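Structure record follows, encoded as structure tokens.
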Amino acid sequence: MRLNGRFGRFGGCFVPEILVPALEQLEGAFLAAQHDPAFASELNELLANYAGRPTPLTRCRNLPGNIYLKREDLLHGGAHKTNQVLGQGLLARRMGKTRLIAETGAGQHGVATAIVGALLGFETVIYMGAEDVERQKLNVFRMQLMGAQVVPVESGGRTLKDAINEALRDWSASFETTHYLLGTAAGPHPFPTMVREFQRVIGREARAQMLDQTGRLPDAVIACVGGGSNAIGLFADFLDDPVRLVGVEAAGKGLDGEEHGATLLRGTHGILHGAETYVLQDEEGQIADTWSVSAGLDYPAVGPEHAHLKDSGRAEYVGCTDAEALAAFKALAESEGILCAFESAHALAHALKLAEAEPDSAILVGLSGRGDKDVTQAQALLA
Amino acid sequence: MSRYADMFDRLNGQGAFGAFLMLGDPDLETSARRLDALVEGGADMVEVGIPFSDPVADGPVIQAAAQRALAAGVRVGDCFDLIAGFRQHHPHVPIGILTYANIVVARAGFMSDAAEAGADSLLIADVPALEAEPFVRDMEQAGIEPVLIAAANTPEPTLRRIAELSSAYTYCVSRAGITGTHAGGQFDAALIHRLTAAGAPPPVFGFGISAPEHVGAALAAGAKGVICGSAIIDCAQRGGDLREIVRALKAATGNESATQ
């Protein structure tokens, strides 16, 4: 490896030896592409004319305080995921791979991978926990419409972490022809660094848009954190600014119980899915079951850069319960006419708390995805 | 001299037969009996898994074995007790642990507890040579021999690193992918030559060893031994006699009289 792949004590490359050459090849392709104007120009063209960048920055007219929304919900595919699947798709083609595999929880990353598979002509296989396949039939059909094969994963708890396990198992046999298009800024090096770089565009645009619209930087930047890709993408260009960075984890049914996905707040040091990071686990190192109303935050590990930002104190991490997220989801719909993803509603819920305490602060919120996927669930929960 | 070095010495060129079981599968008592059966069947070395909830390097058979053990409430301390019992019954048979990084880092003193129980080696499936150094240092301090994995696609500098860091034996994966009987191995003589040239510990093939002809092919490629896991667990699950399957596979390691 040419980069060290560490964020303080976190990160690294904890995979079976057989996969190390594939990760080295990926790092090499990523670094070469970073210096290749042709790569940047094709990616930028796709981001602009296919995916719809730049996304708007919207000032909330009716919610209290000064809340600005970075509208990744308006991106093609309905979430920030599209930014980085386009980047990884182009890298996969550059490496001569013909097949993409990916994991998905609720199906958002699976849909994004199916999009890039159709667009760039890859055979695409999506691993999805059998439990999730049952719960998210519509997203399964979306992926299939775009030509992807969805494989239900029956092992373990049959959810996202098991889908990642299965994708890693596939990749350890198929890496010659296949790129593993990991869905977040977690996993082994170089994924956390690479995914951050492909998502950095969120914060770069938002920073310029804030300066343009308000003449100043925001006081606080808030994003939800599951694996952490939208948060790290939003934070990256603000790291050197005098700006509070706040990551919001899923507190689920409450941080005092066991039904949450608050890895940074309640997890302990461990190694999962290729990286040294915070992990929700028992005292023997067995991985815990997690819970969140939003499938995208329902993951027992977290990107290693967030673990480092937490320990170094540069970012703060807070929790938001299912109930608080639902209330924010409803408030945004009623006040602003925007249906956001349950994941994004966690960030908004914390922004609303902050706006109440500091009505004059300018608060930038990463609205990472749109809520169409959550409407059925919202109907059941809010009715 | 270590138990592994002793064993290779004693075998005097005959291939070593290693048998793998998941500790605590399906319960502690049965697991202890099965470990004894491996030795009674003629296993030269025994490799044991400590169950982990998310074993990414394992196929369905070993995944299910780990799940059964965890469902039975088996804890890491129980696994060390099983190893200690084995060590008492079989003072000369090398026993090595195969597990995952999170299990090791979760327990302060994992290496010394393993050594105290009588384990000889430790292979951590998701710690490649690149990340191995701090783990190897702890193993050496505790008196456990580090085992690392090599594959056909492992580049030369990594093989040299494996040679520097590990002892006991080198676990050679016979094919890409995960453990299991779903596919046979490619017993790559080139890998054995490259490992020997790099000065690595004795190469032993694992993955895809489920029949006597696999054992023969692996040894013909120059390996010093083989490890069979999924086929043995499969046999136990079907109620078969572990002594018989071990005996049949061990018989393919060469001239029996060489050990006399």
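Order of the sequence lines fixes the chain letters, A, B, ..., with proteins taken first and strands second; residue numbering starts at 1 for each chain. Worth saying up front: this structure is predicted, and the values here are computed from it rather than measured.
Heavy atoms of P55(B) lying under 4.5 Å from chain A belong to its backbone as well as its side chain. The contact between Q281(A) and chain B is made entirely by side chain atoms (from C-beta outward), counting heavy-atom distances below 4.5 Å. Within the 4.5 angstrom heavy-atom criterion, atoms from both the backbone and the side chain of V76(B) approach chain A. At a 4.5 Å heavy-atom cutoff, the contact between A125(B) and chain A is made by backbone atoms alone. Contact of L70(B) with chain A is made through the side chain alone, with heavy-atom distances under 4.5 Å. Interface residue R75(B): backbone and side-chain heavy atoms are both found under 4.5 Å from chain A.
S172(A) places a side-chain N or O within donor-acceptor distance of the main-chain N or O of R169(A), the cut-off being under 3.5 Å. Proximity of a side-chain donor or acceptor of T170(B) to a complementary backbone N or O of P201(B) within less than 3.5 Å is detected. Not one N or O on the side chain of T158(B) forms a donor-acceptor pair closer than 3.5 Å with the backbone of T154(B).
The residue among A151(B), A129(B), A66(B), P60(B) with the most heavy atom pairs within less than 4.5 Å of chain A is A129(B). For the set V127(B), D54(B), I103(B), the count of heavy-atom pairs under 4.5 angstrom toward chain A peaks at D54(B). Note: N153(B) leads L148(B), I162(B), N153(B) in heavy-atom pairs under 4.5 Å with chain A. In terms of heavy-atom pairs under 4.5 angstrom with chain B, the leader among G157(A), G270(A), P21(A) is P21(A). Of all the listed residues (S155(A), C13(A), A22(A)), the one sharing the greatest number of non-hydrogen pairs under 4.5 Å with chain B is C13(A). Counting heavy-atom pairs under 4.5 Å between each of A152(B), A101(B), G59(B), P128(B) and chain A puts P128(B) at the top.
With 3.5 Å as the limit, one finds no donor-acceptor pair spanning the side chains of T159(A) and D132(A). Side-chain contact check for E103(A) and Y180(A): at least one donor-acceptor pair (N or O, by modelled atom type) lies under 3.5 Å.
Using a 4.5 Å heavy-atom threshold, the side chains of F135(B) and P146(B) count as separate. Annotation: side chain of F20(B) is not in contact with side chain of T179(B) (no heavy-atom distance under 4.5 Å).
In this structure, K161(A) forms no cation-pi arrangement with Y299(A), as its terminal cationic atom is not both closer than 6.0 Å to the ring centre and no more than 45° off the ring axis.
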